[in-house]
Amino acid sequence: MNTQLHFAVQLSATPRAARLARLLTVEQLRSWGLLFDDAAQVVSELCANAVTHGKVPGRDFHLALSVTGAGRVRIEVSDTRADKLPGEPRYGLMIVDALSDRWGSACGPAPRKSVWAELMC
């Protein structure tokens, strides 16, 4: 498997764009020959959080997918609310935690924050 597989897209911070992110993830992972069900659910949760909790009027969110090796996929969703890092996992992040091998968040570059997850596909 090529470890250089990468896909990224910038989307408007709307519920419709969050749904589109899920569809794009399914198609991209399918084109790479990877399983996509769990990754699609993780993307749904992370993008819904970006749209709900990370939205700044007029600012988009960013979705990136990459294969880091041996079928491990890294999902990263960035928004422009660095002041709102994920706290104690609630329902959506509990799903991310259950489906991924590991996940976390990081600030920067300002004013962005990213929430990421890695899982086998």
Side-chain angles (χ1 to χ4, degrees):
M1 161 119 0
N2 181 353
T3 58
Q4 300 302 312
L5 298 175
H6 183 75
F7 170 81
V9 64
Q10 189 166 324
L11 298 163
S12 61
T14 65
R16 177 174 278 175
R19 288 189 298 276
L20 177 59
R22 179 189 176 104
L23 293 172
L24 292 170
T25 296
V26 167
E27 290 308 312
Q28 190 61 57
L29 294 179
R30 184 180 306 182
S31 77
W32 289 340
L34 298 173
L35 299 175
F36 52 81
D37 290 332
D38 289 349
Q41 186 63 44
V42 169
V43 165
S44 289
E45 298 301 336
L46 294 181
C47 291
N49 284 350
V51 168
T52 304
H53 306 294
K55 183 176 181 177
V56 173
R59 302 264 175 99
D60 299 335
F61 73 94
H62 186 262
L63 166 67
L65 308 171
S66 57
V67 177
T68 61
R72 181 175 301 279
V73 172
R74 181 178 175 95
I75 299 163
E76 190 167 333
V77 176
S78 302
D79 63 50
T80 54
R81 287 296 303 266
D83 61 320
K84 286 199 163 196
L85 287 174
E88 186 67 30
R90 296 195 178 140
Y91 181 72
L93 287 177
M94 289 169 74
I95 292 171
V96 171
D97 187 56
L99 295 176
S100 62
D101 297 324
R102 62 189 194 127
W103 70 275
S105 61
C107 287
R112 299 184 81 74
K113 78 154 174 308
S114 296
V115 182
W116 57 268
E118 291 183 356
L119 59 152
M120 295 300 293
C121 286

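Residue numbers start at 1 and run along the sequence shown. Here the structure is a predicted model, which is why all the values come from computation and not from measurement.
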- Report yes if some heavy atom in the side chain of F36 is under 4.5 Å from a heavy atom in the side chain of T25; otherwise report no. no
- Validation row: D101, R72 side chains within 4.5 angstrom (heavy atoms): yes
- Message: With a 6.0 Å cut-off (strictly less than), is the heavy-atom count around CG of L23, excluding the residue itself, greater than 12?
- Response: yes
Do you know the tightest heavy-atom contact between [X] and [Y]?
{"X": "R81", "Y": "K113", "answer": "O-NZ, 3.1 Å"}
{"X": "F61", "Y": "S12", "answer": "CE2-O, 3.3 Å"}
{"X": "A18", "Y": "V51", "answer": "CB-CG2, 4.1 Å"}
{"X": "L119", "Y": "S100", "answer": "CB-CA, 3.9 Å"}
{"X": "C47", "Y": "V77", "answer": "SG-CG2, 3.9 Å"}
{"X": "V115", "Y": "L46", "answer": "CG1-CD2, 3.5 Å"}

- Task: With sequence neighbours excluded, tell me which residues meet salt bridge (Lys or Arg N to Asp or Glu O under 4.0 Å) with R59.
- Result: none
- Are W116 and V9 connected in the hydrophobic side-chain network, where two residues link if heavy atoms are under 4.5 Å apart? no
- Task: Answer with yes or no whether the side chains of Q28 and S31 bring together a donor and an acceptor at under 3.5 Å.
- Result: yes
- Apply the test side chain to side chain contact (heavy atoms under 4.5 Å, CB included) to residues V42 and V73: give CA-CA distance (whole Å), side-chain angles for both, the deciding distance (0.1 Å), then the verdict. CA-CA 11 Å; V42 169; V73 172; over 6 Å; no
- Verdict with supporting geometry, D79 and N49, side chain to side chain contact (heavy atoms under 4.5 Å, CB included): CA-CA 9 Å; D79 63 50; N49 284 350; over 6 Å; no
- Task: With sequence neighbours left out, write down each residue that passes side-chain hydrogen bond (donor to acceptor under 3.5 Å, both in side chains) with E118, or none if nothing qualifies.
- Result: R74, R102
Going from [atom1] on [X] to [atom2] on [Y], what distance comes out if it is rounded to the nearest 0.5 angstrom?
{"X": "Q41", "Y": "I75", "atom1": "CD", "atom2": "CD1", "value": "10.5 Å"}
{"X": "L65", "Y": "W32", "atom1": "CG", "atom2": "CH2", "value": "5.5 Å"}
{"X": "M120", "Y": "T68", "atom1": "CE", "atom2": "OG1", "value": "8.5 Å"}

- Message: What verdict does the side chain to side chain contact (heavy atoms under 4.5 Å, CB included) test give for L11 and D60, after you've listed the backbone C-alpha separation in whole Å, the side-chain angles of each residue and the deciding distance to 0.1 Å?
- Response: CA-CA 6 Å; L11 298 163; D60 299 335; 6.0 Å; no
